[in-house]
Amino acid sequence: QVQLVESGGGLVQPGGSLRLSCAASGSRFSIYAMAWYRQAPGKQRESVASITRSGGTNYADSVKGRFTISRDNAKNTVYLQMNSLKPEDTAVYYCTALPILSWGQGTQVTVSS
């Protein structure tokens, strides 16, 4: 199994940028497609972006053109570069392996002035 730890969240102003990291402790990281999900207060957890083990990507319509998911298999790490952040991006962000969909602590992203 793969254990994932998210980091890089914080408070940022609207229009700002943030880069999230997800470090994997397991040894089979490279065989999994990976995804970032987020959950805002009072809302369901939703998929934000995903990346196949070969680098193909998909994005939710709400973040297309603003967010970029990437991975470094040598470092067992997946990233989410978030630009042009909006208040509605405020949520706890989680990374997960597909199709396992297990959840850790996540990292809080707050977009506010």
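The hydrophobic clustering, which links ILVMFWY residues whose side-chain heavy atoms are closer than 4.5 Å, places Phe29 and Ile100 together. Val92 and Val5 fall into different hydrophobic clusters, where Ile, Leu, Val, Met, Phe, Trp and Tyr residues are linked whenever their side-chain heavy atoms come under 4.5 Å apart, directly or through other members. Following chains of ILVMFWY side-chain contacts shorter than 4.5 Å, one can reach Val48 starting from Leu85, so the two form part of one hydrophobic cluster.
Here Asn76 contributes atom CG and Cys22 contributes atom SG; the two are 10.0 Å apart, rounded to the nearest 0.5 Å. A distance of 5.0 Å separates CE of Met82 from OH of Tyr93, quoted to the nearest 0.5 Å. Note that the CD atom of Gln81 and the CG atom of Leu18 stand 8.0 Å from one another [nearest 0.5 Å].
Judged purely by distance below 3.5 Å, without hydrogens or angles, the side chains of Ser112 and Thr110 never pair a donor atom with an acceptor atom.
The minimum heavy-atom distance linking Tyr32 with Arg71 is given by the pair O-NH1, 2.7 Å. Between Ala49 and Leu80, the shortest heavy-atom distance links the atoms CB-CD1, 4.2 Å. Nearest heavy-atom pair, Tyr59 versus Phe67, reported as atom, atom and distance to 0.1 Å: CE2-O, 3.2 Å. Closest approach of Leu98 to Ser50, counting heavy atoms only: CD1-CB, 4.1 Å. The two atoms that bring Ser21 and Trp36 nearest to each other are O-CH2, 3.7 Å, heavy atoms only. Summarising the geometry of Asn83 relative to Ser17, their closest heavy-atom pair is OD1-OG, 2.9 Å, with the distance given to 0.1 Å.
Remark: side-chain polar atoms of Glu6 are paired, donor with acceptor, to backbone N or O of Cys95 under 3.5 angstrom. With hydrogens and angles ignored, the 3.5 Å screen pairs a side-chain donor or acceptor of Thr90 with a backbone N or O of Val111.
Residues forming a side chain to side chain contact (heavy atoms under 4.5 Å, CB included) with Ser47 (at least two apart in sequence, or on another chain): Tyr37. Partners of Gln105 under the side chain to side chain contact (heavy atoms under 4.5 Å, CB included) rule, at least two apart in sequence or in another chain, do not exist in this structure.
The environment of CD in Gln44 is sparse: at most 12 heavy-atom neighbours from other residues, nucleotides or ligands sit within 6.0 Å.
The shortest distance between side-chain heavy atoms of Arg38 and Val63 falls below 4.5 Å. Looking at Met34 and Leu4, their side chains come closer than 4.5 Å, going by heavy atoms from C-beta outward. The side-chain heavy atoms of Thr96 and Tyr94, taken from C-beta on, include no pair separated by under 4.5 Å.
With salt bridges taken as basic N to acidic carboxylate O contacts below 4.0 Å, none links Lys86 and Asp89.
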